[in-house]
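Counting from 1, the numbers follow the sequence of the chain as shown.
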Amino acid sequence: MMDLNADLGEGFGAWQLGDDLALLSVVTSANIACGFHAGDPLIMRTTCEGAVARNVAIGAQVSYRDLAGFGRRSMDVPFEELTAEILYQIAALEGIAKAAGGRVSYVKPHGALYNRIVHDREQARAVVAAVGDFDPTLPVLTLPGSVLFEEAPTTMRIVAECYADRAYTAEGTLVPRRSPVAVVRDPAQVAARAVRMAVEGEVVAIDGTVVPVQARSICVHGDTPGAVELAKSVRSALTDAGVHLTPFV
């Protein structure tokens with residue numbers, strides 16, 4: 001079994017990014033922006049309504065407060081402040097999701113925060129604290145090998161995910177966005193990577209190293225050009241390979 005998730009609701013005001021409704025017909029889980037890196041109340045509500053209508057699990061995609069940088073700039077936010085900001089985002093999306101007939105089923109950090117908590121224990125603890133304060137039963141998505149697995153209490157479910165459309169380092173981390181090879185854009189290649197991750201639990205890093213990626217969820221980015229076709233290719237390839245697609249929650 002494998003979950004297929006995508007980052008959605010990442011427009012802002014009149015500015016739109018990606019085709020959220022089309023992607024909601026492909027994925028099984030939606031990481032919905034909560035207004036700190038992208039998204040606004042109306043977009044959050046529309047995306048939640050679309051997810052509920054399609055039986056797609058809703059996840060709070062929490063971020064640094066960085067609209068200008070799309071949440072992709074690393075920030076040194078004090079523990080208490082970061083905890084409060086993450087809690088704020090989860091609670092905001094939960095209220096909108098409930099109004100749409102759904103609920104927040106998991107949490108996924110976004111961008112720089114996501115990559116930071118792979119190795120930064122204090123910021124990982126801030127994520128754990130915020131989720132624990134809101135609802136300690138909510139799962140959190142992160143990379144395999146993240147220190148989040150060690151910092152979370154045993155009662156909190158930490159779920160490993162992998163990326164079909166992002167390049168990997170030999171250490172199992174994501175190649176930084178500033179690199180021209182950070183994003184994999186060819187649909188056939190993305191689909192093949194997804195199948196290898198789901199079936200064999202591994203991916204080839206940019207230096208040729210075979211990296212283990214035992215994961216329960218595969219992510220495709222909603223802001224990648226041609227994201228809908230990429231996601232459709234991934235879903236079709238996984239189904240053809242005998243992988244059953246279902247939310248991890």
Side-chain angles (χ1 to χ4, degrees), residues 5-10 29 31-39 44 58-94 104-163 166-179 182 211 213-217 219 221 223 248-249:
N5 77 74
D7 301 342
L8 301 176
E10 292 186 314
S29 296
N31 319 313
I32 300 178
C34 301
F36 271 37
H37 78 279
M44 291 163 67
I58 294 173
Q61 190 174 35
V62 298
S63 169
Y64 291 125
R65 183 159 39 174
D66 181 28
L67 277 174
F70 200 65
R72 288 178 175 161
R73 299 182 291 192
S74 187
M75 296 182 172
D76 292 320
V77 184
F79 177 87
E80 292 293 343
E81 183 178 352
L82 182 58
T83 301
E85 290 187 346
I86 293 169
L87 177 60
Y88 179 96
Q89 293 174 77
I90 300 170
L93 187 65
E94 171 70 0
V104 170
S105 298
Y106 65 95
V107 175
K108 177 181 174 178
H110 164 81
L113 177 61
Y114 183 94
N115 290 315
R116 182 74 170 266
I117 64 171
V118 170
H119 59 83
D120 188 315
R121 292 186 180 276
E122 182 176 10
Q123 295 209 354
R125 285 194 292 270
V127 172
V128 168
V131 174
D133 287 343
F134 182 80
D135 181 353
T137 67
L138 287 182
V140 183
L141 279 176
T142 189
L143 284 180
S146 169
V147 297
L148 194 66
F149 284 95
E150 301 170 11
E151 295 300 329
T154 56
T155 53
M156 183 175 290
R157 185 182 176 202
I158 308 300
V159 179
E161 73 168 335
C162 53
Y163 288 79
R166 288 293 312 277
Y168 278 78
T169 69
E171 292 73 35
T173 57
L174 301 179
V175 173
R177 282 273 183 175
R178 62 180 176 271
S179 169
V211 179
V213 283
Q214 295 292 335
R216 177 61 178 84
S217 187
C219 180
H221 283 86
D223 66 324
F248 65 88
V249 292

Return the set of residues passing side chain to side chain contact (heavy atoms under 4.5 Å, CB included) with [X] (not counting sequence neighbours), or none when no residue passes.
X: T83; value: F79, A126, A129, A130, D133
X: R177; value: R72, R166, V183, H221, D223
X: T137; value: D135

Any non-hydrogen side-chain atom of [X] less than 4.5 Å from a side-chain atom of [Y]?
X: C34; Y: I90; result: no
X: P139; Y: V249; result: yes
X: V107; Y: F134; result: no
X: L113; Y: V77; result: no

Counterpart residues, ring-ring contact (aromatic ring centres under 6.0 Å, His included), relative to [X] (two or more places apart):
X: Y168; answer: none
X: F70; answer: H37, H110
X: Y64; answer: none

* Sequence-distant partners of E80, salt bridge (charged side-chain N to carboxylate O under 4.0 Å, His left out), two or more places apart -> none
* Could you pull out all residues at least two apart from R157 that satisfy salt bridge (charged side-chain N to carboxylate O under 4.0 Å, His left out)? => none
Residues in side chain to side chain donor-acceptor pair (under 3.5 Å) with [X], at least two apart?
X: R116; value: S74, D76, D120
X: Y114; value: E161, Y163
X: R216; value: none

* Considering all heavy atoms of both residues, which atom of I117 and which atom of P109 are nearest to each other, and what is their separation? -> CD1-CG, 3.6 Å
* At their closest point, which heavy atom of V211 faces which heavy atom of G172, and how far apart are they? -> CG1-CA, 3.7 Å
Roughly how far, to the nearest 0.5 Å, is [atom2] of [Y] from [atom1] of [X]?
X: L148; Y: R121; atom1: CG; atom2: CZ; result: 10.5 Å
X: L93; Y: I32; atom1: CG; atom2: CD1; result: 5.5 Å
X: E150; Y: R125; atom1: CD; atom2: CZ; result: 11.0 Å
X: L143; Y: I158; atom1: CG; atom2: CD1; result: 12.5 Å
X: M44; Y: Q89; atom1: CE; atom2: CD; result: 8.5 Å
X: D7; Y: K108; atom1: CG; atom2: NZ; result: 4.5 Å

* Asked: Around F149, counting heavy atoms of other residues, nucleotides and ligands shown, do more than 12 lie under 6.0 Å from its CZ?
  -> yes
* Answer yes if the side chains of E171 and T169 hold a donor-acceptor pair under 3.5 Å, and no otherwise. => yes
* After noting the C-alpha distance and the side-chain angles of N31 and L141, does the key distance pass the side chain to side chain contact (heavy atoms under 4.5 Å, CB included) rule? -> CA-CA 10 Å; N31 319 313; L141 279 176; 4.3 Å; yes
* Give every residue pair that meets the salt bridge (charged side-chain N to carboxylate O under 4.0 Å, His left out) criterion with at least one member in residues 137-149, sequence neighbours excluded. => none
* **Intermediate values then yes/no, side chain to side chain contact (heavy atoms under 4.5 Å, CB included), T173 and N115** => CA-CA 8 Å; T173 57; N115 290 315; over 6 Å; no
